[in-house]
Peer 1: 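Can you read through this structure? Questions will come right after.
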Amino acid sequence: MSESGGPDARRAELAGALAAVRNRLDEAARAAGRAPGDVELLPVTKYFPASDAVLLYELGCRSFGESREQEAGAKITRFRGTVTDPGVAWHMIGRLQRNKARAVARWAHTIHSVDSIRLADAVAAGARAARDAGDRVTPIRVLLQVSLDGDPQRGGVAAADLEALAAAVADAEGLKLAGLMGVPPLGWDPDAAFEQLARMHSQVLAGHPGATELSAGMSGDLEQAVRWGSTCVRVGTAVMGRRPLA
Ligand SMILES: *Cc1c(COP(=O)(O)O)cnc(C)c1O
């Protein structure tokens, strides 16, 4: 028995949870006739401390998802005090306000939540500013968050506006159109949601063959997402444990 609360206990807990999620992913890939390792596991570290990200790094993780700019910025600074590996990629997965775009552009390898041309313009301006300041050398990989139920309150670009947004991001200096992201609306059957997402992804791919990424699936629905072509599952709870209340 390890002492409760110590770093060794936390490391063992994270190692066990990671192994379990990787097993689920491999199993899901096999069931879908896909190669294990075809789907990236993006651990979501929001609400958890930088020390947990360091432990995950030591356990082999090289990318992390965050959803709030302020929390992420501080966490990444702390993380980099311990881990200097430039190969670590931080992903912004949460809703992004335009006034935070410049700050996020300083640290985000990938943004999963671009859902309007106005936001894309702000992120592109941030990317160029970060490049000019020497904070980044590569373009920001952008995933377009799509709305599956057309409810603008919940974020995501409506199907009717998707192609115009894809074209704007593809043309923007400082951005690279990488693919799509979607979250099943509350109460929806995940298979139905991911099927619709996969259809939208095919449409975008037809005009933008480089937009191969499909960010879909979380702790509760990663199997269904893998069935419908997910290339990146964003997993919080199943790796980290239950989040403290916001
Ligand atoms: C928090 C979050 C996740 C992780 O959700 P879990 O159910 O804890 O795995 C995935 N995607 C987004 C956009 C999130 O904000």
Side-chain angles (χ1 to χ4, degrees), residues 10 13-14 16-25 27-28 39-50 52-53 56 59 61 63-73 75-76 89-97 100-101 104 107-116 119 123 140-149 151-157 178-191 193-194 196-197 200-201 213-246:
R10 184 59 173 151
E13 194 170 77
L14 289 173
L18 258 186
V21 170
R22 287 192 177 128
N23 275 337
R24 276 178 67 189
L25 264 186
E27 207 38 59
V39 186
E40 178 187 0
L41 168 60
L42 179 68
V44 175
T45 46
K46 68 185 185 198
Y47 298 105
F48 288 92
D52 277 353
L56 289 171
L59 292 165
C61 299
S63 53
F64 305 98
E66 286 286 329
S67 67
R68 297 181 305 176
E69 194 291 316
Q70 222 174 337
E71 177 191 347
K75 190 177 301 182
I76 292 165
W90 291 89
H91 292 226
M92 174 61 176
I93 64 170
R95 268 194 110 163
L96 178 55
Q97 282 156 356
K100 299 284 170 63
V104 166
W107 56 260
H109 170 270
T110 301
I111 299 178
H112 293 229
S113 46
V114 170
D115 61 359
S116 72
L119 177 58
V123 171
I140 300 179
R141 296 175 74 245
V142 166
L143 307 186
L144 310 179
Q145 182 177 353
V146 300
S147 169
L148 296 171
D149 61 1
D151 178 358
Q153 291 300 99
R154 302 187 65 250
V157 60
L180 297 192
M181 185 272 246
V183 180
L186 226 58
W188 275 41
D189 168 32
D191 274 304
F194 293 133
Q196 184 177 323
L197 179 61
M200 293 165 98
H201 189 214
E213 199 82 64
L214 186 60
S215 169
M218 312 190 283
S219 293
D221 56 17
L222 67 88
E223 284 83 3
Q224 291 94 332
V226 168
R227 191 179 301 151
W228 291 103
S230 171
T231 61
C232 174
V233 293
R234 311 175 308 273
V235 182
T237 313
V239 169
M240 311 301 295
R242 285 186 58 181
R243 287 185 280 280
L245 290 177

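Indexing begins at 1, ligand by ligand and atom by atom, following the structure's order. Throughout, residue positions are numbered sequentially from 1 according to the sequence presented. Note that the structure is a prediction, hence the values are computed from the model and not measured.
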Peer 1: Among all protein non-hydrogen atoms, which one is nearest to atom 8 (O) of ligand 1, and what is the separation to 0.1 Å?
Peer 2: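 Sorting protein heavy atoms by distance from atom 8 (O) of ligand 1 puts Thr237 OG1, 2.5 Å first.
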
Peer 1: Side chain, backbone, both or neither: which part of His112 comes within less than 4.0 Å of ligand 1 when only heavy atoms are counted?
Peer 2: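 It is neither part, as no heavy atom is under 4.0 Å.
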
Peer 1: State the atoms of ligand 1, each with its element, that fall below the 4.0 Å cut-off from a heavy-atom position in Val235.
Peer 2: 9 (O)

Peer 1: Under the side-chain contact (heavy atoms from CB on, under 4.5 Å) rule, what do Asp149 and Ser147 come out as? Steps first, then yes or no, please.
Peer 2: CA-CA 6 Å; Asp149 61 1; Ser147 169; 3.4 Å; yes

Peer 1: Report the member of Met218, Arg68, Lys46, Arg234 with the shortest heavy-atom distance to atom 2 (C) of ligand 1.
Peer 2: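 Among Met218, Arg68, Lys46, Arg234, the closest heavy atom to atom 2 (C) of ligand 1 comes from Lys46.
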
Peer 1: Give, for atom OG1 of Thr45 and atom NZ of Lys75, the distance between the pair rounded to the nearest 0.5 Å.
Peer 2: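 The NZ atom of Lys75 is 4.5 Å from OG1 of Thr45, to the nearest 0.5 Å.
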
Peer 1: Counting heavy atoms only, name the option from Pro43, Ser113, Ser219 that's nearest to atom 7 (O) of ligand 1.
Peer 2: Ser219

Peer 1: Run through Gln145, His91, Glu40, Arg234 and flag the one making a side-chain hydrogen bond (donor to acceptor under 3.5 Å, both in side chains) with Ser215.
Peer 2: Arg234

Peer 1: For atom 12 (C) of ligand 1, what is the closest protein heavy atom, and at what distance to 0.1 Å?
Peer 2: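 Sorting protein heavy atoms by distance from atom 12 (C) of ligand 1 puts Ile93 CD1, 3.5 Å first.
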
Peer 1: Which option, Ala238, Gly236, Gly155, owns the non-hydrogen atom nearest atom 4 (C) of ligand 1?
Peer 2: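 That would be Gly236.
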
Peer 1: How close do Met218 and Val235 get, heavy atom to heavy atom, and via which atoms?
Peer 2: C-CG2, 4.4 Å

Peer 1: Quick one: look at Met240 and ligand 1, take heavy-atom pairs under 4.0 Å, and tell me if it's side chain, backbone, both or neither.
Peer 2: neither

Peer 1: Please give me the minimum heavy-atom distance between Ala53 and Trp90, naming the atom from each residue.
Peer 2: CB-CH2, 4.0 Å

Peer 1: Would you confirm whether Thr231, through its side chain, and Leu214, through its main-chain N or O, come within 3.5 Å as a donor-acceptor pair?
Peer 2: yes

